[in-house]
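Order of listing sets the numbers, starting from 1, for every ligand and every atom in it.
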Amino acid sequence: MPGELDARDRDETIRALAAGPLDVLVIGGGITGAGAALDAASRGLRVGLVEYRDLAAGTSSRSSKLIHGGLRYLEQGDFKLVREALRERDLLVSRLAPHLVRPVPFLYPLYRKVVERPYVGAGLVLYDAMEGVKRPVPHHRHLTTRGALRRAPALRPDRLAGAMLYYDAQVDDARYTLTVARTAARHGALVATRAAAVSLLRDGARVTGALVRDQESGREFEVAAARVIVCAGVWSDLVHQASGITPGYQVRMSKGVHLVVDRSAIDADTGMIVRTSKSVLFFIPWDERWIVGTTDTDWSGDRAEPAATPQDVDYILGEANRVLARPLTRGDVLAVYAGLRPLVAERPPADKHGADKHGADKHGADKRAGDAGAASLAGEKPTTKLSREHVVDAPLPGLVSVAGGKFTTYRLMARDVVDAAVAGLPGPVPPSVTGQLPLLGADGLPAVRASARRLAAGSGVTLGAVQHLIARYGSLAAELLDLIQADKTLAGTLVDGYPYLRAEVAYAVTHEGALHAEDVLARRVRLLIESPDRGLAAAPEVVAIMAGLLGWNRRRRAVELHRYQDFAAANGAALTAPATLPEIAAEVAVPA
Ligand SMILES: Cc1cc2nc3c(=O)[nH]c(=O)nc-3n(C[C@H](O)[C@H](O)[C@H](O)COP(=O)(O)OP(=O)(O)OC[C@H]3O[C@@H](n4cnc5c(N)ncnc54)[C@H](O)[C@@H]3O)c2cc1C
């Protein structure tokens with residue numbers, strides 16, 4: 001059970017999926033699908049996962065990257081959601097993924113002297129209390145105005161009336177999703193990316209698997225499974241519609257945009273959360289940069305690459321500049337990214353009857369996680385008001401689907417949907433064990449951290465490079481150092497000014513299933529959102545390393561490079577900077 005997703009073994013994985021039969025086939029490789037695959041595989045079931053594009057290519061690489069209870073959900077009265085999320089946060093920080101999920105302090109600036117401090121203070125007392133007794137993150141604290149400005153000199157001092165300091169946690173969302181999928185593979189799950197479920201297989205009313213298209217070769221194959229679990233996020237409705245099924249909920253898409261700016265643009269040693277007229281705005285420290293966002297607007301366009309608009313950028317800058325002493329300008333913005341929240345709303349009764357029209361007799365009741373999300377006002381409620389709780393539905397025998405929720409609570413979503421899926425399977429199926437299952441890379445972490453100096457000396461890379469690897473891969477850093485031992489050229493950095501090593505590109509192919517340059521630059525390393533050129537300068541190097549491992553010829557390398565250039569250009573469209581893109585592209589010669 002190696003837990004490697006070696007891109008070179010993909011054909012073998014596809015053959016094994018087609019050979020079936022599986023106990024459970026999961027459709028969708030975001031955090032929910034990866035979590036469901038891990039939950040089911042670690043219960044001893046034979047599991048497959050098919051992902052239409054790349055792991056985390058949907059919403060799960062485009063979030064605010066917080067593992068949090070969600071202060072604002074407390075204000076909305078979603079107590080159950082907040083309590084569950086805080087417990088999950090603490091479990092991930094302390095036991096399941098301490099290498100990936102890190103506590104981060106947040107400053108909540110106060111502007112109304114008399115009323116705000118008691119109100120926010122009471123909220124934070126509750127927030128801290130909901131966590132339980134054992135807490136891996138510190139309690140909140142009250143700060144005076146002077147104390148607040150010491151932590152965040154960037155704040156405008158004129159209206160400031162002090163601040164609260166509290167803690168949440170943050171994560172590289174794409175890396176986390178990948179690690180969950182790898183841990184599932186470690187427990188026997190067959191994970192195939194660029195494999196789309198095009199329709200569901202049926203035996204009468206019962207769902208018996210899925211017809212899957214290999215997006216790389218165009219070939220289609222059937223995967224037989226006793227249970228199919230749909231974890232397709234904002235694509236859920238499409239997956240259901242393709243087979244004429246109408247589940248009891250519908251997914252409403254809400255677009256959220258973030259800006260990335262250099263760390264030097266905002267002088268603060270803590271994250272910040274400030275109120276906006278509609279919701280809240282986060283300033284989230286992200287290594288040498290800040291992530292600032294987000295927006296929350298209805299969306300009905302392209303699901304795969306939702307576009308941020310210049311108006312989104314201006315809105316975020318405007319809200320940020322209400323509190324910053326030195327205003328941010330468009331020139332400060334290194335990158336913009338947009339994601340779609342898969343919010344669930346109950347389907348209007350008229351639509352529900354549509355399910356019967358299609359012969360989809362309802363099998364089992366909807367299971368709504370909590371009661372706060374009974375949003376029967378699809379199309380009417382603003383998306384900021386829709387619950388972030390999840391819904392599990394079983395619209396047909398053999399088929400279960402889950403949607404909604406938050407990244408933070410993925411493990412609970414996975415547990416609930418697998419519980420619903422395995423009901424009625426022959427033989428006993430044990431309950432979920434993921435609460436006791438550290439992810440790959442968590443094992444032996446304290447010892448690896450303590451050995452960083454020795455590992456650096458032994459492998460010939462700097463201590464800083466080893467620490468960088470440990471911070472991203474935990475104890476799996478040893479595997480990257482092994483690659484470097486075998487090929488010293490992999491010890492170099494990928495591009496100036498960023499800590500990513502060439503070894504990380506090779507590892508992305510041999511251990512993390514990367515099939516294209518986009519998979520590496522957008523999700524294995526995060527240059528797409530961290531560098532002003534969106535990773536274009538690194539792209540030729542990435543393509544060259546991948547070509548060596550995947551046997552790409554000169555033509556294929558050129559195609560890969562152009563494909564990435566197009567992708568990067570589309571991702572930069574919201575900024576006024578695209579005029580520079582042709583210049584950058586011209587500098588990036590197609591490798592011979
Ligand atoms: C702007 C924004 C900020 C957020 N911030 C936070 C935060 O800070 N903390 C938090 O806890 N949550 C946050 N969230 C919510 C969180 O990111 C999402 O709830 C979560 O990522 C959804 O994961 P998912 O697996 O359900 O969906 P996705 O990640 O979208 O995964 C669905 C996958 O299904 C695949 N798929 C679709 N159709 C098919 C098919 N036919 N065959 C095969 N595969 C298919 C897609 O390619 C996709 O990869 C945020 C969301 C947004 C948009």
Are R563 and E518 ion-paired here, with the side-chain N under 4.0 Å from a carboxylate O? no
Would you check whether K255 reaches within less than 4.0 Å of ligand 1, judged by its heavy atoms? no
Considering only the protein, which heavy-atom contact is closest to atom 49 (O) of ligand 1, and what is its distance? E51 OE1, 2.7 Å
For G405, atoms of ligand 1 separated by under 4.0 Å from a heavy atom: 19 (O)
My understanding is that only one of I67, T32, T59 makes a side-chain contact (heavy atoms from CB on, under 4.5 Å) with F407; could you say which? I67
Which atom of G513 lies closest to which atom of T193, heavy atoms considered: O-OG1, 4.1 Å
Do any nitrogen or oxygen atoms of T32 lie less than 3.5 angstrom from nitrogen or oxygen atoms of ligand 1? yes
Enumerate the atoms of ligand 1 whose separation from the nearest heavy atom of C231 is less than 4.0 angstrom. 32 (C), 34 (O)
E305 bridged to R62 by N-O distance under 4.0 Å: yes
Using a 4.0 Å cutoff against the non-hydrogen atoms of R341, which atoms of ligand 1 qualify? 1 (C), 51 (C), 52 (C), 53 (C)
Would you say A210 contacts ligand 1, with heavy atoms under 4.0 Å as the rule? no
Close N or O approach (S64, ligand 1; < 3.5 Å): yes
Among all protein heavy atoms, pick out the one at the shortest distance from atom 43 (C) of ligand 1; state its residue, atom name and that distance to 0.1 Å. Y52 N, 3.2 Å
With atom 2 (C) of ligand 1 as the reference point, say which of S254, A414, S63 has the nearest heavy atom. S63
At a 4.0 Å threshold, what atoms of ligand 1 neighbour a non-hydrogen atom of A195? 43 (C)
side-chain contact (heavy atoms from CB on, under 4.5 Å) test vs L45 passes for just one of L22, D39, V24, namely V24
Considering only NZ, NE, NH1 and NH2 on the basic side and carboxylate oxygens on the acidic side, decide whether D172 and R523 come within less than 4.0 Å. no
Just to check, does I27 reach to within less than 4.0 Å of ligand 1 when the distance is taken from its heavy atoms? yes
Should R43 and D419 count as an ion pair when the cut-off is N to O under 4.0 Å? yes
Atom OH of Y52 with >12 non-hydrogen neighbours under 6.0 angstrom: no
Between ligand 1 and W235, is the shortest N or O to N or O distance under 3.5 Å? no
D214 bridged to R194 by N-O distance under 4.0 Å: no
For T295 and R341, which heavy atoms make the closest approach, and how far apart are they? O-NH2, 2.9 Å
Region of T177 engaging ligand 1 - heavy atom pairs below 4.0 Å: neither
Are any of the N/O atoms on I31, whether in the backbone or the side chain, positioned under 3.5 angstrom from an N/O atom of ligand 1? yes
As a test of understanding, state which of V101, I284, I273, I291 forms a side-chain contact (heavy atoms from CB on, under 4.5 Å) with L66. I284
Ionic contact status for K255 with D298, cut-off 4.0 Å: no
Among protein heavy atoms, which lies nearest atom 41 (N) of ligand 1, and at what distance? A197 O, 2.9 Å
Determine the interplanar angle of the H258 and Y337 rings, folded into 0 to 90°, and report it as parallel if under 30°, tilted if 30 to 60°, perpendicular if over 60°. parallel
Identity and separation of the nearest protein heavy atom to atom 31 (O) of ligand 1: G30 CA, 3.4 Å
With nothing but distance in play, are any N or O atoms of D54 less than 3.5 Å from an N or O of ligand 1? no
Mark up the atoms of ligand 1 that fall under 4.0 Å of a heavy atom belonging to V50, in ascending order. 43 (C), 44 (N)
Taking distance alone, with N or O pairs closer than 3.5 Å, would you say G339 contacts ligand 1? no
By side-chain contact (heavy atoms from CB on, under 4.5 Å), which residues pair with R219, not counting sequence neighbours? S217
Could you tell me, atom by atom, which parts of ligand 1 come under 4.0 Å of a heavy atom of H68? 7 (C), 8 (O), 9 (N)
Quick one: nearest non-hydrogen protein atom to atom 8 (O) of ligand 1, plus distance? L66 N, 3.1 Å
Heavy-atom distances under 4.0 Å decide this one: backbone, side chain, both or neither, for V239 against ligand 1? side chain
Within a distance under 4.0 Å of any heavy atom of G28, pick out the atoms of ligand 1 and give their elements. 33 (C), 34 (O), 35 (C), 44 (N)
Sub-6.0 Å ring centroid separation between Y176 and Y410: yes
Quick one: which ligand 1 atoms are inside 4.0 Å of a heavy atom on G256? 1 (C)
